[in-house]
Every structure is written in C-alpha cells, then in structure tokens.
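First comes the structure, then the notes that go with it.
Any value given below was found using the heavy atoms of this structure, including those in side chains, with hydrogens, waters and symmetry copies removed.
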Amino acid sequence: MKILAKGSGVTLVQHSVSVLRGMELTLELAGDQIMKLYRIARETAARLPPICRAAALLHDIGKANDHFQRMLRTGGRVRQALRHEAVSF
C-alpha cells in the first residue's frame with residue numbers, strides 16, 4: 001500500500017521530493033541573499049545545504065503514521081488521534 005501525503009493521492013515520496021526540489025531551487029536562487037539577511041557566517045552557511053536537504057525530505061515523515069493514513073483514506077471521516085506534525089517533530 002502506498003503511503004499518501006495528500007488526499008489527492010500524492011504519495012509521501014512524491015511530496016517529499018517536490019519539497020526537496022523547491023528547497024534546492026530556493027538555495028540556488030536566493031541562498032546567498034538569505035545568508036546575508038540572517039547574518040549567517042560563511043562557515044555555517046557551507047553546512048546548511050545538507051541540513052536543509054534532510055529537513056525537506058523528512059519534514060512530513062509523521063504522515064506515514066496509521067492515524068494520518070486512515071484519515072486520508074476515509075476522506076477525513078476518521079480524525080487523527082495524534083497530529084502528523086507532532087509525529088514529524
């Protein structure tokens with residue numbers, strides 16, 4: 001059974017890869033400006049891309065729990081006992 005991320009049928013893998021691509025594009029196009037805006041030191045900035053990649057891939061991992069999957073598969077008729085954000089954290 002596929003693990004869903006959205007009620008539209010988007011899988012967790014598809015969603016996570018999409019978020020990863022968006023994050024990588026953001027870093028490519030605006031990474032330097034973001035680092036300057038938040039005054040992030042060059043040494044620290046060099047460590048951020050792999051951390052951001054991991055965060056993008058794992059940010060919704062809590063959606064793999066049974067409660068969230070049941071909620072999606074029932075069209076919301078069954079509620080989550082534990083929010084996916086709390087499980088992802």
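Closest non-hydrogen pair, Pro50 versus Ala46, comes out as CD-O, 4.3 Å.
Residues Leu4 and Val87 do not share a hydrophobic cluster, clusters being chains of Ile/Leu/Val/Met/Phe/Trp/Tyr side chains in contact below 4.5 Å. Grouping the Ile, Leu, Val, Met, Phe, Trp and Tyr side chains by contacts below 4.5 angstrom, directly or via other members, places Met35 with Met23. Under a hydrophobic-cluster definition in which Ile, Leu, Val, Met, Phe, Trp and Tyr are linked whenever side-chain heavy atoms come within less than 4.5 Å, directly or via other members, Ile51 and Val19 are assigned to different clusters.
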Return all side-chain donor-acceptor pairs below 3.5 angstrom for residues 54-63, not counting sequence neighbours, or 'none' if the list is empty.
from: His59; atom 1: ND1; to: Ala56; atom 2: O; distance (Å): 2.8
from: His59; atom 1: NE2; to: His15; atom 2: NE2; distance (Å): 3.3
from: Asp60; atom 1: OD2; to: His15; atom 2: NE2; distance (Å): 3.0
from: Asp60; atom 1: OD2; to: Lys63; atom 2: NZ; distance (Å): 3.1
from: Lys63; atom 1: NZ; to: Ala5; atom 2: O; distance (Å): 3.0

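The line from NE2 of His67 to CZ of Arg79 is 13.5 Å long, rounded to the nearest 0.5 Å. Distance check, rounded to the nearest 0.5 Å: CG of Leu27 to CG of Asp32 gives 9.5 Å. One distance of note links CZ of Arg53 with CG of Leu48; it measures 10.5 Å at 0.5 Å rounding. Rounded to the nearest 0.5 Å, atoms CE (Met1) and CD1 (Ile3) are 9.5 Å apart. A distance of 7.5 Å separates CD in Gln69 from CG in Leu12, rounded to the nearest 0.5 Å.
The backbone N or O of Gly22 lies less than 3.5 Å from a partner atom in the side chain of Thr26, making a donor-acceptor pair.
Sorted by first and then second residue, the ring pair (Phe, Tyr, Trp, His ring centres under 6.0 Å) pairs with a member in residues 29-56 form an empty list; sequence neighbours excluded.
Counting heavy-atom neighbours within 6.0 Å of Arg73 CZ, excluding the residue itself, gives a total above 12.
Under the 4.5 Å side-chain criterion, counting only non-hydrogen atoms from C-beta, Asn65 is not in contact with Leu82.
Under a 4.5 Å side-chain heavy-atom cut-off, the cluster of Ile, Leu, Val, Met, Phe, Trp and Tyr residues that includes Leu25 is completed by Leu29.
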